[in-house]
*Asks:* 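The structure under discussion is supplied below as structure tokens; questions concerning it will follow.
Note that these values count all heavy atoms, side chains included, but never hydrogens, waters or copies made by symmetry.
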Amino acid sequence: MKCLFILYTLFFTTLFFGQNNKTEEPAVFIDSNLIARNAIEYINQSEIESVNVIKNDTLIDNVLYQGQLFISLKKPKKYDFLTLEKIKTEFTNIKSNDIIYMVNGTFIKDNIDTFKLDRNYILEVEVTNSEAFYNLRKSDTKFDIINILGKTKENLENKNKILLRGHEAIGIK
């Protein structure tokens, strides 16, 4: 009887304390593509046709989401979503795994595996090695920083600027 009680207790504790990660955020789908919640800010709001919210908890890849958010776009074929790993392989020559990702100067801290960006949103990809920082040159920790610049108004204006440098006066005799 004691053995049966112990097995019964072990069974229910493993059932209730399983390896499911629980998030406080919903699963976000854009045209049936699962993306990270923080990737929504890089979608043009005028392109959204409809939003549907389902309040049921959902288990996806051992992560328990509190609800689902389905976003339909006006032109679904227009978007080509890339993961951060795919952006790394297509736009850079980096082979190391120690990478810090940034989008428009903001660090991506959460949901790196599900974070996706539209290929047409990417203006430029900048790579900086940790050896470029004076304080990190002597450190044993080596990593790369990938900064993805999007096609925002500020980035497009800075890209189109032409800087003239020189110390001579032009047109003065």
*Asks:* Which value, rounded to the nearest 0.5 Å, describes the distance between I108 atom CD1 and N147 atom CG?
*Replies:* 9.5 Å
*Asks:* Only counting residues at least two apart or in another chain, list the ones meeting side chain to side chain donor-acceptor pair (under 3.5 Å) with S46.
*Replies:*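 By the side chain to side chain donor-acceptor pair (under 3.5 Å) rule, S46 matches N44.
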*Asks:* Could you work out, with side-chain contact (heavy atoms from CB on, under 4.5 Å) as the rule, every residue matching N56, not counting sequence neighbours?
*Replies:*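 For N56, the residues satisfying side-chain contact (heavy atoms from CB on, under 4.5 Å) (neighbours in sequence not counted) are I54.
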*Asks:* Applying side chain to side chain donor-acceptor pair (under 3.5 Å), name anything that partners T89, two or more places apart in sequence or on another chain.
*Replies:*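 For T89 there are no side chain to side chain donor-acceptor pair (under 3.5 Å) partners, ignoring immediate neighbours.
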*Asks:* T106: which residues meet the side-chain contact (heavy atoms from CB on, under 4.5 Å) condition with it, sequence neighbours left out?
*Replies:* none
*Asks:* Find the distance between CD (E25) and CD (Q66) and round it off to the nearest 0.5 Å.
*Replies:* 9.5 Å
*Asks:* Is the count of non-hydrogen atoms from other residues, nucleotides or ligands lying under 6.0 Å from N52 atom CG greater than 12?
*Replies:*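 More than 12 within 6.0 Å, yes.
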*Asks:* First locate atom CZ of F70, then atom OG of S32, and finally report the distance between them rounded to the nearest 0.5 Å.
*Replies:* 7.0 Å
*Asks:* Could you list the residues that satisfy salt bridge (Lys or Arg N to Asp or Glu O under 4.0 Å) with K116, not counting sequence neighbours?
*Replies:*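 Once residues adjacent in sequence are excluded, K116 has no partner under the salt bridge (Lys or Arg N to Asp or Glu O under 4.0 Å) criterion.
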*Asks:* Between CD1 of I122 and CD of E90, what distance do you get to the nearest 0.5 Å?
*Replies:* 8.0 Å
*Asks:* State the OG1-CG distance between T58 and L64, to the nearest 0.5 angstrom.
*Replies:*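 It is 7.5 Å, given to the nearest 0.5 Å.
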*Asks:* Could you tell me whether the side chain of Y65 reaches within less than 4.5 Å of the side chain of P26, counting heavy atoms only?
*Replies:*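 The answer is no, as the side chains (C-beta and beyond) never meet within the 4.5 Å cut-off.
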*Asks:* List for me each residue that meets side-chain contact (heavy atoms from CB on, under 4.5 Å) alongside N129, sequence neighbours excluded, and say none if there are none.
*Replies:*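 For N129 the side-chain contact (heavy atoms from CB on, under 4.5 Å) partners, ignoring immediate neighbours, are E131, D144.
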*Asks:* Check the hydrophobic clustering (I, L, V, M, F, W, Y; side-chain heavy atoms under 4.5 Å; chains of links allowed) and say if V127 and F115 are grouped together.
*Replies:*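 Per the 4.5 Å side-chain linkage, V127 and F115 are co-clustered.
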*Asks:* Of the non-hydrogen atoms in A27 and L34, which two are nearest, and what is the gap between them?
*Replies:*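 So the two residues come closest at CB-CD1, 4.1 Å.
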*Asks:* Look at the side-chain heavy atoms of Ile, Leu, Val, Met, Phe, Trp and Tyr, link any pair under 4.5 Å apart, and say whether L149 and I146 land in one connected group.
*Replies:* no
*Asks:* Applying a strict under-4.5 Å side-chain criterion to I, L, V, M, F, W and Y, I'd like to know whether L82 and I148 cluster together.
*Replies:*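 Hydrophobic grouping puts L82 with I148.
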*Asks:* Do I99 and I145 have side-chain heavy atoms sitting under 4.5 Å apart?
*Replies:* no
*Asks:* Please check if the number of heavy atoms outside K142 that lie under 6.0 Å from its NZ is greater than 12.
*Replies:*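 Above 12, so yes.
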*Asks:* Which residues satisfy the salt bridge (Lys or Arg N to Asp or Glu O under 4.0 Å) test with K74, sequence neighbours excluded?
*Replies:*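 So K74 forms no salt bridge (Lys or Arg N to Asp or Glu O under 4.0 Å) with any residue.
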*Asks:* Taking only residues two or more places apart in sequence, or in another chain, which ones meet N120 in a side-chain contact (heavy atoms from CB on, under 4.5 Å)?
*Replies:* D118
*Asks:* My understanding is that only residues two or more places apart in sequence, or in another chain, count here; which of them pass side chain to side chain donor-acceptor pair (under 3.5 Å) with D80?
*Replies:*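 Testing D80 for side chain to side chain donor-acceptor pair (under 3.5 Å), a comparison that skips the adjacent residues, returns R119.
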*Asks:* Please list, chain by chain and in numerical order, all residues satisfying salt bridge (Lys or Arg N to Asp or Glu O under 4.0 Å) with E126, sequence neighbours excluded.
*Replies:* none
*Asks:* Sorted by first residue and then second, give each ring-ring contact (aromatic ring centres under 6.0 Å, His included) pair with at least one member in residues 89-109; sequence neighbours left out.
*Replies:* none
*Asks:* Please step through side-chain contact (heavy atoms from CB on, under 4.5 Å) for the pair T152 and Y121, ending with a clear verdict.
*Replies:* CA-CA 8 Å; T152 62; Y121 177 77; 3.5 Å; yes
*Asks:* For the residue pair T114 and I35, establish whether any side-chain heavy-atom pair is separated by less than 4.5 Å.
*Replies:* no
*Asks:* Answer yes or no: is there a side-chain heavy-atom contact under 4.5 Å between I30 and F81?
*Replies:*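 A side-chain contact exists here, since the closest heavy-atom pair is under 4.5 Å.
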*Asks:* When you measure from the side chain of D31 to the backbone N and O of S72, does any donor-acceptor pair fall under 3.5 Å?
*Replies:*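 Checked: no pair found.
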*Asks:* About how many Å separate CG of N158 and NZ of K153, when rounded to the nearest 0.5 Å?
*Replies:*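 Going from the NZ atom of K153 to the CG atom of N158 covers 12.0 Å.
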*Asks:* In the structure I gave you, are the side-chain heavy atoms of L73 and I43 within less than 4.5 Å of one another anywhere?
*Replies:* yes
*Asks:* Can you find a pair of side-chain heavy atoms, one from I112 and one from L84, that are under 4.5 Å apart?
*Replies:* yes
*Asks:* Using the test side chain to side chain donor-acceptor pair (under 3.5 Å), find all partners of E49 that sit at least two apart in sequence or belong to another chain.
*Replies:* none
